[in-house]
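For reference, the structure is listed below as C-alpha cells.
From a predicted model like this one, the values you see are computed outputs, not experimental measurements.
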Amino acid sequence: MRKKSLITTIRGHSFYTGLVNRESIVVDLGAHKGEFSSEMSNSFGCKCYLVEALPALYSKIVEGPLAQKYNFAMAGRD
C-alpha cells in the first residue's frame, strides 16, 4: 500500500499538512480575495487571519467564524 503524502498544494501554495489541524492559526499575508484561507478552513477547520492591502480585494474577502480580515500591508520598513 502506498503511504499518503503529507505535502499538499492549495491554490499554488505547497506545505506540510502533518501539523495543520483545528487548533492551527494561518496568517495569510497578501490574502487577495481569500480563496486560500477559505480552502484551509474548509479542509482543516483552522482559524485564518487574512491580511490584504488593496481595498478592492479586501472588500471581496468574506469573514466568518474561522476567517478574520485586516486591511493592512506588510513591509520591512515604513
Restricting to non-hydrogen atoms, name the atom on [X] and the atom on [Y] that form the minimum distance, rounded to 0.1 Å.
X: Val62; Y: Ala67; value: O-CB, 4.0 Å
X: Met74; Y: Leu29; value: CG-CD2, 3.6 Å
X: Ser59; Y: Ala56; value: OG-O, 3.0 Å

State, with a plain yes or no, whether a side-chain heavy atom of [X] is found less than 4.5 Å away from one of [Y].
X: Met40; Y: Phe15; answer: yes
X: Thr9; Y: Ser14; answer: yes
X: Val26; Y: Phe36; answer: yes

*Any cation-pi pair here, Lys69 with Tyr58, using under 6.0 Å and within 45°?*
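Yes, a cation-pi geometry.
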
Could you give the distance from [atom1] ([X]) to [atom2] ([Y]), rounded to the nearest 0.5 Å?
X: Leu54; Y: Lys60; atom1: CG; atom2: NZ; result: 11.5 Å
X: Glu52; Y: Leu57; atom1: CD; atom2: CG; result: 4.5 Å
X: Asp28; Y: His13; atom1: CG; atom2: NE2; result: 6.5 Å
X: Ile61; Y: Ser38; atom1: CD1; atom2: OG; result: 11.0 Å
X: Phe44; Y: Arg22; atom1: CZ; atom2: CZ; result: 12.0 Å

Donor-acceptor contact below 3.5 Å, side chain [X] vs main chain [Y]:
X: Ser37; Y: Gly34; value: no
X: Ser24; Y: Asn21; value: yes
X: Thr17; Y: Leu6; value: yes
X: Ser41; Y: Cys46; value: yes

*asked:* For the NZ atom on Lys47, are there more than 12 heavy atoms of other groups (residues, nucleotides or ligands in this structure) within a distance under 6.0 Å?
replied: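 Above 12, so yes.
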
*Return the orientation label for the Tyr70 and Tyr49 ring planes: parallel under 30°, perpendicular over 60°, tilted otherwise.*
tilted

